[in-house]
Structures are given as C-alpha cells and as structure tokens.
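Throughout, residue positions are numbered sequentially from 1 according to the sequence presented.
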Amino acid sequence: MTLHTIAVYCGSNLGDTPDYCRAAREIGRVIAERGSRLVYGGGKIGLMGEVADAVLAAGGEVVGVIPTFLREKEVAHQGLTELLETPDMPSRKNKMIELADAFIALPGGIGTYEELFEVLSLAQLRQHAKPVGILNINGFFDPLLLMMKQTADSGFMPQANTGLLCVADNPQELLQKMTDYRFTDAPKWVEPEWAKKAV
C-alpha cells in the first residue's frame with residue numbers, strides 16, 4: 001500500500017515527558033523522508049506543531065486543516081505548504097479523512113481519541129479500507145488497546161476488528177506495518193451463542 005498522504009492526530013499540548021515531543025519530531029521526519037505528505041489539524045502548538053515543523057524541516061509537504069474559530073484564536077501554523085480553513089470541527093475531520101491515505105494517532109486528548117475512533121468506526125462499517133495506526137509511545141495507548149480487547153471479548157465487536165489497528169512503539173516499524181496492511185473483511189453483526197438458544 002502506498003501512503004501518499006498521512007493524517008496525524010495528536011495533542012495540542014506537549015504532555016508530561018519529552019519522549020512524546022521526540023517521537024512527534026521523529027515521525028514527522030520519517031514521513032517526509034519516505035516522500036509522504038502530512039495532513040493534520042493545522043495548529044502551531046503542542047505535538048501538532050512539532051510534527052508539522054519536523055516534516056517541513058526535512059523538506060516534506062504539510063497540509064493543515066483548521067476550523068475558523070481556532071484560526072481566529074491565532075493557533076494556526078503560518079508556515080505550512082497549504083492551510084485549509086473549514087467552518088467547523090466536523091467538516092475539518094471530514095476533509096482530513098478525504099485527503100488522507102492513512103491515519104496515525106500519537107498521544108493526545110479527547111479530540112485525538114474522537115478522530116481516531118471516527119476513522120476506526122468508518123473502517124468497521126466498511127466505509128474505507130485505509131490503514132489506521134497508533135504510535136504507542138511509553139505504552140500511552142495500552143489502556144485503550146485493553147479496552148478494544150475487552151470490547152471484542154464481550155461480544156460488542158468482532159475479534160477480527162482488533163486487526164483494524166496497526167500498533168508499534170517506533171515510527172519506522174509502524175509505517176512498515178501500515179504499508180503492509182491489508183484490509184480484512186469481517187461481519188459487523190454476529191449473533192452470540194446464548195441468543196441462538198434463547199426462547
């Protein structure tokens with residue numbers, strides 16, 4: 001799979017350890033060096049700004065997508081290859097999904113989770129077959145991965161859909177997994193054994 005444009009979802013804060021910042025810079029550099037284009041939320045602050053600056057410093061292209069109200073708060077990055085403005089958050093998310101061939105989540109907050117789960121939900125509903133990756137720095141996403149396993153074990157998601165996520169703790173391994181990714185179709189709705197026997 002060729003990853004021409006990679007969407008990165010991540011925090012507008014830097015987090016409590018420099019490890020997150022270092023990883024954001026590294027994945028930005030690797031994205032640029034492999035010839036891929038970055039699409040992200042358009043901010044100049046937090047891990048968002050670190051990823052964008054790293055791509056630009058390595059000679060790569062960066063497209064930011066930012067809603068008007070955030071641009072007016074002066075958090076928009078002014079040095080990007082292209083900055084697209086949207087009227088609101090939903091249209092921002094849709095534009096990023098439209099532009100991207102793949103999606104990567106780095107540590108972040110509620111907005112990062114929302115974006116990650118939206119593309120996962122769309123994949124589960126067979127609305128796209130693009131790879132979705134998690135850069136699991138210092139085990140940040142371990143609780144989320146455990147929750148995904150619990151969801152499948154409890155019968156609310158096919159076990160096969162845990163494979164919708166590519167997970168690694170370093171950018172090179174993650175991007176290789178995403179390049180090798182092949183979408184596996186699985187039924188969304190499965191009747192449990194207990195329901196088949198219920199009267």
Side-chain angles (χ1 to χ4, degrees), residues 1-11 27 30-31 34-42 48 51 63-67 84 86-136 140-169 171-198:
M1 181 171 293
T2 303
L3 311 181
H4 293 295
T5 300
I6 300 174
V8 172
Y9 304 132
C10 59
I27 199 160
V30 172
I31 287 172
R34 64 180 283 124
S36 298
R37 179 177 68 159
L38 171 69
V39 61
Y40 84 118
M48 295 173 66
V51 174
V63 178
V65 185
I66 194 165
L84 305 177
T86 64
D88 50 39
M89 294 292 279
S91 55
R92 174 210 223 177
K93 289 187 295 179
N94 289 336
K95 176 56 71 172
M96 290 177 67
I97 292 170
E98 173 191 329
L99 291 174
D101 302 306
F103 311 93
I104 295 175
L106 274 63
I110 292 172
T112 300
Y113 298 139
E114 177 189 13
E115 290 165 323
L116 171 63
F117 276 108
E118 178 152 359
V119 292
L120 273 178
S121 179
L122 289 171
Q124 179 174 256
L125 293 169
R126 308 319 184 231
Q127 298 302 295
H128 73 77
K130 304 172 184 179
V132 180
I134 282 179
L135 188 59
N136 195 22
F140 179 87
F141 286 105
D142 285 353
L144 183 147
L145 296 171
L146 184 62
M147 182 180 71
M148 294 282 288
K149 182 179 183 303
Q150 175 67 20
T151 301
D153 290 347
S154 299
F156 289 98
M157 179 177 77
Q159 289 287 346
N161 281 0
T162 59
L164 293 173
L165 271 175
C166 302
V167 183
D169 60 8
Q172 291 85 354
E173 181 184 353
L174 179 61
L175 285 167
Q176 188 58 56
K177 285 184 176 182
M178 294 175 72
T179 300
D180 296 340
Y181 174 80
R182 295 295 179 269
F183 182 78
T184 302
D185 201 4
K188 167 70 176 74
W189 297 278
V190 180
E191 186 178 14
E193 287 301 320
W194 70 262
K196 296 176 184 177
K197 300 172 184 176

Contact summary for [X] and [Y], nearest pair of heavy atoms:
X	Y	answer
H128	V119	NE2-O, 2.8 Å
D169	L135	C-CD1, 3.8 Å
Y9	I97	OH-CG1, 4.0 Å
Q159	D153	NE2-OD1, 2.9 Å
V63	L84	CG1-CD1, 4.0 Å
T112	A105	CG2-CB, 4.4 Å

In Å and rounded to the nearest 0.5 Å, what is the [atom1] to [atom2] distance from [X] to [Y]?
X	Y	atom1	atom2	value
L99	Y40	CG	OH	14.0 Å
F156	T151	CZ	OG1	8.5 Å
L120	M157	CG	CE	8.5 Å
I104	I31	CD1	CD1	5.0 Å
L144	D142	CG	CG	9.5 Å
L106	M48	CG	CE	11.5 Å

Does [X] reach the main-chain N or O of [Y] with its side chain, forming a donor-acceptor pair under 3.5 Å?
X	Y	value
D101	H4	yes
S36	L3	yes
K130	A100	yes
S121	F117	no

Is the closest side-chain heavy-atom distance between [X] and [Y] below 4.5 Å?
X	Y	answer
N94	E118	yes
K149	L145	no
R126	F183	yes
D88	P67	no
V30	L174	no
V8	L38	yes
I27	I6	no

Exercise. Could you point out which residue of E115, E114, E98 forms a salt bridge (charged side-chain N to carboxylate O under 4.0 Å, His left out) with K93?
Key: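 Of all the options given, the one that passes is E114.
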Quiz item: Does a sphere of radius 6.0 Å around CD1 in I110 hold more than 12 heavy atoms from other residues, nucleotides or ligands, not counting ones at 6.0 Å or beyond?
Solution: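 For I110, atom CD1 is not crowded (no more than 12 foreign heavy atoms under 6.0 Å).
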Exercise. Just do the side-chain contact (heavy atoms from CB on, under 4.5 Å) check on Y181 and L165 with the steps written out, would you?
Key: CA-CA 9 Å; Y181 174 80; L165 271 175; over 6 Å; no
